[in-house]
Amino acid sequence: MTGSLPLPPGPPDPGKARQDLVLSTVGEPEQLRSDAARNRTRLLDAASRLMAERGAANLTMESVAAAAGVGKGTVFRRFGDRTGLLIALLDHREGLLQAAFLSGPPPMGPDAPAAERLHAFGPAVMRHERDHHELILASRTDPLRAYAVPAHRLRLSHVAMLLRGARVEGDTELLAHTLLGSIDAALVHHLTRRRGMPLEALDQGWHDLVSRLGAAL
């Protein structure tokens, strides 16, 4: 797994930020041998097909092994447990979002002002997680594990960097945690599915919160 991502002091230089914040996978970003990488892709392809057919709640290590034509032990060695498999499946989805906010076009990408990027970040994350809420929620068997995966650390570092770039006062890491908590997948799912709130209302809530912190557009 990747190490902790650096949080440079003071408003970051855009070029420096692009060096520090690099694409990070949810599960294992290690460089695999080509045969191991092919086997991993084969297993993830099988798991993706099964999830589309049966849903994340019914995905098992045994069914993935059978669909991929390998022994169950191979799946366990590759992913550790079912939660590890689900987290690995999130890699494919997360990579697209990471590319958008690290190197994509404005308003999320690095060519836009920090405050503008921050305002665009929340709605993009909410839509990303709405589209994959079943997989995200199924992977959360350990509530603390979600905070340790590289993808979350990257989001945290990115939001803290944007807060500093927008010259928001206060503990930017703590504020970044607070902002990310307001768009957590479980909360967004509850508000939109159980409370019937339109996603546009949550967008406006994000914009209001970011502006109140001092990053108004």
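Just so you know, these numbers come straight off a predicted model, no measurement behind them.
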Looking at [X] and [Y], would you say the former's side chain and the latter's main chain have a donor-acceptor pair under 3.5 Å?
X: Arg78; Y: Arg40; result: no
X: His133; Y: Arg130; result: yes
X: Thr74; Y: Val70; result: no
X: Arg77; Y: Lys72; result: no
X: Trp206; Y: Met126; result: no
X: Arg42; Y: Ala68; result: yes
X: Ser63; Y: Thr60; result: yes

- Where do Ile136 and His189 land on the side-chain contact (heavy atoms from CB on, under 4.5 Å) test, with the steps shown first? CA-CA 11 Å; Ile136 293 169; His189 181 71; over 6 Å; no

If you define the side chain from C-beta out and look only at heavy atoms, does anything of [X] sit under 4.5 Å from [Y]?
X: Leu85; Y: Val64; answer: yes
X: Leu59; Y: Arg54; answer: no
X: His158; Y: Leu102; answer: yes
X: Pro110; Y: Arg117; answer: yes
X: Ser157; Y: Glu173; answer: no

- Could you tell me whether Arg155 and Glu129 have a side-chain N and a carboxylate O separated by less than 4.0 Å?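 Salt bridge: yes.
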
- Query: Using 4.0 Å as the upper bound for N to carboxylate O, is an ion pair formed by Asp184 and Arg140?
  - Reply: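 Yes.
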
Look up atom [atom1] in [X] and atom [atom2] in [Y], then write down how far apart they are to the nearest 0.5 Å.
X: Ile183; Y: Arg127; atom1: CD1; atom2: CZ; answer: 11.0 Å
X: Arg82; Y: Ile87; atom1: CZ; atom2: CD1; answer: 11.0 Å
X: Thr172; Y: Arg167; atom1: OG1; atom2: CZ; answer: 13.0 Å
X: Gln204; Y: Leu202; atom1: CD; atom2: CG; answer: 10.5 Å
X: Leu174; Y: Leu163; atom1: CG; atom2: CG; answer: 10.5 Å
X: Glu200; Y: Thr192; atom1: CD; atom2: OG1; answer: 11.0 Å

- Give a yes or no on this: more than 12 heavy atoms of other residues, nucleotides or ligands lie within 6.0 Å of atom CD of Glu62.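 Atom CD in Glu62 is packed in, count exceeds 12.
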
Can you name the closest pair of heavy atoms from [X] and [Y] and give their distance?
X: Val168; Y: Ala215; result: CG2-CB, 4.0 Å
X: His128; Y: His132; result: O-ND1, 2.9 Å
X: Met108; Y: Phe121; result: CE-CD1, 4.3 Å
X: Ala120; Y: Pro107; result: CB-CG, 3.8 Å
X: Leu89; Y: Leu44; result: CD2-O, 3.7 Å
X: Leu179; Y: Ser182; result: O-OG, 2.6 Å

- Task: Return yes if a side-chain donor-acceptor contact under 3.5 Å exists between Arg38 and Thr41, otherwise no.
- Result: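 No, no side-chain donor-acceptor pair sits under 3.5 Å.
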
- Residue that, paired with Phe101, satisfies side chain to side chain contact (heavy atoms under 4.5 Å, CB included) out of Val125, Leu154, Val159: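 Answer after filtering Val125, Leu154, Val159: Leu154.
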
- Message: Set out, in order, the CA-CA distance, both residues' side-chain angles and the distance that settles side-chain contact (heavy atoms from CB on, under 4.5 Å) for Leu187 and Leu191, then state yes or no.
- Response: CA-CA 6 Å; Leu187 176 60; Leu191 292 176; 3.9 Å; yes

- Item | Joint hydrophobic cluster, Met51 plus Leu137, side-chain heavy atoms closer than 4.5 Å |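 No, separate clusters.
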
- Task: Could you state whether Met197 and Leu199 fall into the same hydrophobic cluster, counting links through intermediate Ile, Leu, Val, Met, Phe, Trp or Tyr residues with side-chain heavy atoms under 4.5 angstrom apart?
- Result: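 Per the 4.5 Å side-chain linkage, Met197 and Leu199 are co-clustered.
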
